[in-house]
**Q** 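This is the structure I want to talk about, given as structure tokens.
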Amino acid sequence: MPPALPPVLDRLDADLDAALARLFALMRIASISTDGAYRADCDAAADWLVRDLASIGVRAEKRATPGHPMVVGHIDGPKGAPHVLFYGHYDVQPVDPLDLWARDPFDPVIEDTPAGKVIRGRGASDDKGQLMTFVEACRAWIAVHGQLPLRVSFLFEGEEESGSPSLVPFLTENADDLRADLALICDTGLFDADTPAITTRLRGLLGEEITLTGPDRDLHSGSYGGAAINPIRVLARIIAGLHDDKGRVTVPGFYDGVTEVAPEIAAQWDGLGFDADRFLGAVGLSHPAGEAGRSVLEAIWARPTCEVNGIQGGYTGAGFKTVLPSKAHAKISFRLVGTQDPQKIRAAFRAQVRAALPPDCRVEFHDHGAAPAAQMATDHPAFEAARQALGAEWPRPAAFVGAGGSIPIAGYFKDILGMDSMLIGFANADDQIHSPNEKYNLSSFQRGIRSWARVLAAISG
Ligand code: BES
Ligand code: ZN
């Protein structure tokens, strides 16, 4: 262990209660990016971060975008030391259905659970708790040594959960200000509660919303049923046709750019001892429901999918109403891997929907963003240094893993800034991110802070 590290670890342990108080202050801000009603809260979360970074000596500022602001900060390190850019996102997912929360999502608490203490509240894990692990590690380094072991820039985004619409123009316009030797991203998980992970691949994402219109108004389903086209029936048929009976997506050209997992990666994944029954059992399931012939791990880390995220139409209120609706809506997302081209798939999907429309039924499409899949350069020397640093903190050695989720910026850092990313995060599979009662294990927070303190030392040279 480098001699500079032990006093930093002592310092951050001693400061844990204050660190929690800071995290709670950030979590009390309802920064839901996808809903315009929370615009001022997103702004307030950005302001809070600027102030907190400034309090440890970071030159930080809020930068406006057409959407929610970015927070950018810089702090120097020793002369000649490497330069890293740290990324996290301060926005959170909506909280509905609110009635499934045991308490106010924006009134965080520490709860005792059979599995240990947890931080409960929206954003605890995704991503406020995670981004603060890095900030707290920096705070402890600076408190003990007066400076960080390397030069650090910060980028906090406020639109990650809503498709990052401002990100590409912002990165393009601010390329020189943001480019570093390596990006560090804290928005992913552990492999399991004892096993830290470096995520080496992320799936991409394509979001589409479709609205089908049949008759020009809602109709009495007795007076018109049988005579008038029902857009919900059309929608159901279109959705049912998106997969074949082997679970493969039917959109023409969908699998272009999808490659098989290389044998050495497959062997490494096999060695992780992933327990698919436990993974499914934890959410009340017993049978994998994806593509035939693919393991669960392969399905979530290395295969593309199409999911229906929401469907709406007709009467869904209390009681019953015999209506033949005018409109039907669906929100549909595709997770992408390899070099699948989101725009080509969007076009092919739209053509497939249009081709399936009967007379008197029309469709409108709404684009909810797209980002290709990303693979990290695991041969970058920082990966091995970080792997060892993580292994020193956690009960088990660090694993190189994939992730089913998407973090669009990882690919853009490479494509726009020419910068590699290293993804390290401390979330657990049962954190209920995007769901009611989100939590972050207190051990994730504390060990996460300690992990970053170690990783900073390890990659500083
Ligand atoms: N932190 C998640 C991504 C994630 C989830 C990584 C699980 C690893 C495991 C991130 O905040 C997220 O949810 N992203 C969205 C992106 C989308 C809205 C563009 C996602 O994956 O759905
Ligand atoms: Zn996230």
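Here, residue 1 is the first one in the sequence, and each next residue gets the next number. When a ligand or atom number is given, it counts from 1 through the structure's own listing order. These numbers were taken from a predicted model, which means no experiment stands behind them. As a basis for the values below, the full set of heavy atoms in this structure was taken, side chains included, without hydrogen atoms, waters or symmetry mates.
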**Q** What's the verdict on ring pair (Phe, Tyr, Trp, His ring centres under 6.0 Å) for Tyr87 and Phe156, showing C-alpha distance, side-chain angles and the deciding distance?
**A** CA-CA 6 Å; Tyr87 167 90; Phe156 297 140; 8.1 Å; no
**Q** Would you say the side-chain atoms of Arg450 pair up with the backbone N or O of Leu12, donor to acceptor, closer than 3.5 Å?
**A**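 No, Arg450 side chain to Leu12 backbone: no donor-acceptor pair under 3.5 Å.
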**Q** Kindly say whether Phe254 contributes a backbone atom to a donor-acceptor pair with the side chain of Gln340 at under 3.5 angstrom?
**A**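 Looks like yes, one N/O pair under 3.5 Å.
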**Q** In the protein, what heavy atom is nearest to atom 17 (C) of ligand 1, and what distance, to one decimal place, separates them?
**A**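 Result: Leu205 CD2, 3.4 Å.
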**Q** When you look for heavy atoms under 4.0 Å from ligand 1, do you find them on the side chain of Gln93, its backbone, both, or neither?
**A**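 Contact part for Gln93 vs ligand 1: neither.
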**Q** Under the rule for salt bridge (charged side-chain N to carboxylate O under 4.0 Å, His left out), what residues qualify as partners of Arg447, not counting sequence neighbours?
**A**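 Checked Arg447 against salt bridge (charged side-chain N to carboxylate O under 4.0 Å, His left out); matches are Glu393.
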**Q** Of the side chain and backbone of Ala403, name the one, both, or neither that has a heavy atom under 4.0 Å from an atom of ligand 1.
**A**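 Just the side chain.
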**Q** Going by the angle between their ring planes, with limits at 30° and 60°, are Phe86 and Trp452 parallel, tilted or perpendicular?
**A**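 Rings of Phe86 and Trp452: perpendicular, over 60°.
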**Q** Does Arg22 pair with Glu136 as a salt bridge, N-O distance under 4.0 Å?
**A**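 Salt bridge between Arg22 and Glu136, a charged N being under 4.0 Å from a carboxylate O: yes.
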**Q** To the nearest 0.1 Å, how far is atom 16 (C) of ligand 1 from its closest protein heavy atom, and which atom is that?
**A**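 Heavy-atom neighbour on the protein nearest atom 16 (C) of ligand 1: Ser406 O, 3.5 Å.
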**Q** Please name all residues satisfying salt bridge (charged side-chain N to carboxylate O under 4.0 Å, His left out) with Asp181, sequence neighbours left out, ordered by chain then number.
**A**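 So Asp181 forms no salt bridge (charged side-chain N to carboxylate O under 4.0 Å, His left out) with any residue.
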**Q** Using heavy-atom distances only, which candidate in Asp187, Asp127, Thr188, Thr199 approaches atom 4 (C) of ligand 1 most closely?
**A**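 Minimum heavy-atom distance to atom 4 (C) of ligand 1 goes to Asp187.
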**Q** Looking at Leu171, Leu417, Thr172, which one forms a side chain to side chain contact (heavy atoms under 4.5 Å, CB included) with Tyr412?
**A**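 Result for side chain to side chain contact (heavy atoms under 4.5 Å, CB included) with Tyr412: Leu171.
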**Q** Whether Asp47 and Arg51 form a salt bridge (side-chain N of Lys/Arg under 4.0 Å from carboxylate O of Asp/Glu) is what I want to check.
**A**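 Result for this pair is no, no salt bridge flagged.
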**Q** More than 12 non-hydrogen atoms from neighbouring residues, nucleotides or ligands closer than 6.0 Å to NZ on Lys117, yes or no?
**A**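 12 or below, so no.
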**Q** Is the shortest distance from a heavy atom of His89 to ligand 1 less than 4.0 Å?
**A**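 Heavy atoms of His89 do come under 4.0 Å of ligand 1.
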**Q** With a cut-off of 2.8 Å, which protein N/O/S atoms are close to the Zn ion (ligand 2), if we only count those under it?
**A**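 Listed by chain and number, the atoms are His89 NE2, Asp126 OD1, Asp187 OD1, Asp187 OD2.
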**Q** In the protein, what heavy atom is nearest to atom 11 (O) of ligand 1, and what distance, to one decimal place, separates them?
**A**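 I find the closest protein heavy atom is Glu160 OE1, 2.7 Å.
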**Q** Give the residue and atom name of whichever protein heavy atom lies nearest to atom 2 (C) of ligand 1, and the separation in Å to one decimal.
**A**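 Its nearest protein heavy-atom neighbour is Asp126 OD2, 3.7 Å.
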**Q** Consider every N or O of Arg335 and every N or O of ligand 1, then say whether any pair is closer than 3.5 Å.
**A**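 N/O-N/O distance under 3.5 Å: yes.
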**Q** Partners of Asp277 by salt bridge (charged side-chain N to carboxylate O under 4.0 Å, His left out), sequence neighbours excluded?
**A**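 In terms of salt bridge (charged side-chain N to carboxylate O under 4.0 Å, His left out), with neighbours along the sequence ignored, Asp277 is linked to no residue.
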**Q** For atom 7 (C) of ligand 1, find the nearest protein heavy atom and state the residue, atom name and distance (0.1 Å precision).
**A**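 Result for atom 7 (C) of ligand 1: Ile433 CD1, 4.1 Å.
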